[in-house]
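Contents: one structure, followed by commentary.
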Amino acid sequence: MKDSAAKTTQRSLLTGSKSTMRWMVLFTLMVLLAGCASVSSKNPPAPIKTLIVDGQNNHKWAQTTPVLEEMMEASGRFTVDVSTCPPRGEDMTAYKPDFAAYDLVVVNDGHKADPWPRQTKLAFEKFVSDGGGVVIYHAADNAWPHWKAYNEMIAIGGWDGRNETSGPYLYMDQDGKVIRDTSKGKGGGHGKKVPFEITVRDTKHPITKGLPVTFMTGPDEMYSFLRGPALNVTILATAYSPKENSGSGHHEPMLMVINYGKGHIFHTVLGHAVPHIQKDSFKITYLRGAEWAATQKVTIKVPEGFPAK
Ligand code: ZN
C-alpha cells in the first residue's frame with residue numbers, strides 16, 4: 001500500500017512537471033511568435049514583380065538587359081523576368097507578355113522596333129491605365145511613333161520619323177520654366193558621349209529627394225530635341241545641351257515622370273550602353289525611379305558620396 005501510494009505520488013508529481021513543461025513550451029513559442037511578428041513588421045516590403053521587355057532596339061539590348069536585371073535584383077527590391085520579342089521582321093502575332101502578372105514593366109525595346117500585335121498593345125494600355133508602373137529606358141523613347149497611347153506614356157520621344165506632328169519640343173529655361181515649343185523640326189538628337197551635369201528641378205519628388213541638386217554623369221549620350229504629346233509630365237531633372245556638341249541650346253529633360261490613367265511612368269533618357277548604366281548617376285536614379293513607378297514610394301537610399309567617381 002505504502003509502495004503503491006508512493007508510486008501514485010510520483011506519477012502525480014511527474015504529471016505536474018509535464019504540464020508545467022507544456023506551459024513553458026507554449027509560453028516560449030508565444031514569445032518567439034511575438035518576436036517574429038515584430039521582426040516581420042520591420043521587414044522591407046515585398047519585392048516588386050518586374051518584367052523587362054526587349055528584343056528590338058538599335059541599342060545593345062541583349063547586353064543591357066542582364067545588367068539592369070542584376071542591379072535590380074541586387075537592390076533587394078525587385079524580382080525580374082525578361083520577355084524578348086521575335087527579331088525584327090519576323091512574325092510577332094504570338095508575342096503576348098502577361099503584363100497583368102507584374103507590378104512594373106521596363107521597356108528596353110527602341111529604335112525601329114516593329115509594332116506589337118494589337119491585343120498586346122491593348123493589354124499593355126490596360127496594365128498601365130489600371131495602375132501599373134513603367135520605366136522608359138533610354139532608346140525606349142525612340143520606339144513606336146504611331147502608337148498614340150505609348151507616346152502619351154513616354155510624353156516625348158525621338159527619331160523614327162517624329163516631327164512637329166508628334167507634338168511640341170519639351171524643355172526648360174534656365175529658371176526652370178517649362179517650354180512647350182511647337183516649332184517645326186525633327187524629333188531626337190544627341191552629340192558625342194561626354195560627361196555632363198544634371199540639375200535636379202524638383203527636389204521634393206520621392207525619386208529626386210535627397211539627391212545633390214547638381215551631379216555629374218559619366219560619359220553618356222545626352223538626348224535633345226525630344227518631342228511628343230508632353231501631357232501629364234513632370235520634369236524632375238535637366239541637362240544643358242550645348243550647340244557645340246550638336247545640342248539644342250536648351251535645358252533638356254533627363255528624368256521625367258508621367259501619369260497615364262492610374263499608372264505611373266518613370267522616363268530616363270540616360271544609359272546608352274553597359275558602361276553608362278553601371279555609373280551611379282544612372283543606377284541610383286534608375287532604381288529609385290523604378291521603385292517609384294511601381295509603388296509611388298522610394299526606399300532605395302542615395303549612397304554617401306553620390307555619384308561615385
Ligand atoms: Zn543611345
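Just so it is clear, the values below take in all heavy atoms, side chains as well, and ignore hydrogens, waters and symmetry mates. Every number for a ligand or one of its atoms is a count from 1 in the order of the listing. We count residues from 1, following the sequence as given.
With Asp160 as reference, His111 is the one residue of Lys112, His146, His111 to meet the side chain to side chain donor-acceptor pair (under 3.5 Å) rule. Among Asp109, Asp54, Ile52, the single residue meeting the side-chain contact (heavy atoms from CB on, under 4.5 Å) criterion with Trp61 is Asp54.
Of all protein atoms, those that are N, O or S and lie under 2.8 Å from the Zn ion (ligand 1) total 4.
Taking 4.0 Å as the cut-off between side-chain N and carboxylate O, Glu291 and Arg77 count as a salt-bridged pair. Checked for salt-bridge contact, Lys148 and Glu152 meet the test: a charged N lies under 4.0 Å from a carboxylate O.
Enclosure of atom NZ in Lys209 is not indicated, since only 12 or fewer non-hydrogen atoms of other residues, nucleotides or ligands lie within 6.0 angstrom.
Not less than 6.0 angstrom separates the ring centroid of Tyr137 from the ring centroid of Phe266.
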